[in-house]
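Since the structure is predicted, the reported quantities are computational estimates derived from the model, not experimental observations.
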Amino acid sequence: MPRLFKISALWVLLVASMSCQEETIVPDTSRLGADFFPMEKGLYWEYEVDLTTYNLLDSMPSHYFLREVVADTFTDLSGSLSYRLERFSRETTEVDWRLDSVWTARLSTTQVVRIENNVPFIKLTFPLAEGKEWNGNALNNRGEETYQVSGLGVALEVGDTTFENTLTILQREVLDTIVFQDVRREYFAKEIGLVKKEFIQLNYCSTEECFGQKIIDSGRKLYMELVAHGKE
């Protein structure tokens, strides 16, 4: 074999080897379940919310609408890509939205972290699997709470819409109606995100005069359902 041909062949092999080494493989996060929590600038979700706040003397119901928008992205202190979530509210559909709060979220190949009122919660961990559990409070100081995946891949009716592929995150389920009730569930639809939320925390009167009578001393009930979503 001519010397020039040998050199050319070696050069081709070297370039090909370098190309293979420099190739970056982008993980398919949808296979892990990340498409249950889509994040992209311009995405928005609108919810109808019913909230009742209780004290020993009275209950105070309220009804309003909540809009959440992925307004921008930024790099956080750890160097991770994060998303700025602007949250707006209004009492009726006839009035303008007003800014309520700003939250953030970040996704990786292992988890979804959502920072709500400056408190980080691990909403999902990947890969998703029926019955999977983790500590949702691992990044804050609120004490350990076990989150669990339930009903992965099932259809769910929310209002007039049926979402064919959803999962439920059971955050807490204390059904006691004598002293303290704590039920928290979030429902996510594939390629859409959060479509429903239930939050019930009630303290019952436990004095001798009212023990066991299901008289609410304090607490609140919150129900959220998705009514619109899309991209601006």
Side-chain angles (χ1 to χ4, degrees), residues 28-40 42-52 61-70 83 85 87-90 93 100 103 105-116 121-137 145-175 177 181-202 219-232:
D28 183 4
T29 55
S30 65
R31 298 183 63 182
L32 303 175
D35 46 3
F36 281 94
F37 200 97
M39 280 284 108
E40 183 181 345
L43 290 178
Y44 71 87
W45 303 264
E46 294 179 6
Y47 302 93
E48 189 169 3
V49 184
D50 285 296
L51 171 65
T52 304
S62 61
H63 179 86
Y64 61 94
F65 295 89
L66 178 68
R67 177 182 172 91
E68 187 167 281
V69 181
V70 183
Y83 299 85
L85 309 175
R87 294 161 53 84
F88 302 82
S89 63
R90 61 182 179 184
T93 56
D100 176 86
W103 292 0
R106 64 177 183 267
L107 288 73
S108 71
T109 55
T110 59
Q111 63 187 13
V112 172
V113 177
R114 185 173 162 102
I115 301 174
E116 305 176 351
F121 298 95
I122 302 175
K123 293 295 185 176
L124 303 174
T125 62
F126 305 130
L128 293 172
E130 183 70 28
K132 184 174 184 179
E133 296 181 345
W134 66 93
N135 178 13
N137 285 344
E145 285 193 340
T146 301
Y147 288 13
Q148 182 183 64
V149 177
S150 174
L152 178 61
V154 302
L156 176 68
E157 186 174 328
V158 179
D160 297 328
T161 304
T162 298
F163 299 98
E164 297 298 334
N165 192 344
T166 71
L167 68 86
T168 303
I169 302 300
L170 182 59
Q171 299 177 345
R172 190 77 167 167
E173 192 171 44
V174 178
L175 300 176
T177 57
Q181 184 177 8
D182 188 357
V183 179
R184 283 172 275 151
R185 304 186 186 98
E186 292 186 341
Y187 304 80
F188 299 84
K190 190 172 184 178
E191 298 179 349
I192 296 174
L194 183 70
V195 295
K196 183 178 178 179
K197 178 175 181 176
E198 300 170 352
F199 184 103
I200 304 171
Q201 284 187 331
L202 300 175
R220 64 176 182 146
K221 292 181 180 179
L222 181 144
Y223 299 96
M224 283 175 48
E225 290 191 350
L226 185 72
V227 294
H229 66 95
K231 187 173 182 180
E232 294 181 333

Report all side-chain donor-acceptor pairs from residues 192-200 shorter than 3.5 Å, counting only partners two or more places apart or in another chain.
from: Glu198; atom 1: OE1; to: Arg185; atom 2: NH1; distance (Å): 2.8
from: Glu198; atom 1: OE1; to: Tyr187; atom 2: OH; distance (Å): 3.3
from: Glu198; atom 1: OE2; to: Tyr187; atom 2: OH; distance (Å): 3.4

Can you give the donor-acceptor pairs under 3.5 Å from side chains of residues 224-232 to other protein atoms, not counting sequence neighbours?
from: Lys231; atom 1: NZ; to: Glu40; atom 2: OE2; distance (Å): 2.3
from: Glu232; atom 1: OE2; to: Arg67; atom 2: NH2; distance (Å): 2.6

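A heavy-atom distance below 4.5 Å is found between the side chains of Leu85 and Val70. Contact of the Thr166 side chain with the Phe188 side chain is not registered, since no non-hydrogen atoms from C-beta on lie closer than 4.5 Å. In this structure, Lys123 and Gln171 have side chains that are in contact, with non-hydrogen atoms separated by less than 4.5 Å. The side-chain heavy atoms of Glu130 and Ser150, taken from C-beta on, include a pair separated by under 4.5 Å. Looking at heavy atoms from C-beta onward, Phe163 lies in side-chain contact with Val158 at the 4.5 angstrom threshold. You'll find the side chain of Thr162 stays beyond 4.5 Å of the side chain of Leu156, heavy atoms only. Contact annotation: the side chain of Tyr64 never approaches that of Arg90 to less than 4.5 Å [non-hydrogen atoms, C-beta and beyond].
Side-chain atoms of Asp182 do not come within 3.5 Å of backbone N or O of Val174 as any donor-acceptor pair. Under a 3.5 Å cut-off, the side chain of Trp134 and the backbone N or O of Thr125 do not form any donor-acceptor pair. At least one donor-acceptor pair under 3.5 Å links the side chain of Ser108 to the backbone N or O of Thr110. Not a single donor-acceptor pair under 3.5 Å links the side chain of Glu145 to the backbone N or O of Arg172.
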Report task. Any chance you could lay out the side-chain contact (heavy atoms from CB on, under 4.5 Å) test for Thr93 and Phe65, step after step, and finish with the verdict? Result -> CA-CA 8 Å; Thr93 56; Phe65 295 89; 3.9 Å; yes
Report task. Show the numbers, then the answer: is there a side-chain contact (heavy atoms from CB on, under 4.5 Å) between Ile115 and Phe121? Result -> CA-CA 6 Å; Ile115 301 174; Phe121 298 95; over 6 Å; no
Requested in this report: Verify side-chain contact (heavy atoms from CB on, under 4.5 Å) between Leu167 and Ile169, making sure each step is shown before the conclusion.
Outcome: CA-CA 7 Å; Leu167 68 86; Ile169 302 300; 3.3 Å; yes
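To the nearest 0.5 Å, atoms CG (Leu152) and NZ (Lys190) are separated by 9.5 Å. In this structure, the separation between CZ on Phe36 and CG on Leu124 is 9.0 Å, given to the nearest 0.5 Å. For the atom pair CG of Asn137 and CD1 of Ile122, the computed distance is 8.5 Å after rounding to the nearest 0.5 Å. The CG atom of Leu107 sits 6.0 Å away from atom CZ of Phe37, with the distance rounded to the nearest 0.5 Å. With values rounded to the nearest 0.5 angstrom, Leu51 atom CG is found 6.5 Å from Arg220 atom CZ. Residue Glu46 holds its CD atom at 11.0 Å from CZ of Phe88, rounded to the nearest 0.5 Å.
Checking Gln181 against Gln201 by side-chain atom types alone, no donor-acceptor pair falls below 3.5 Å.
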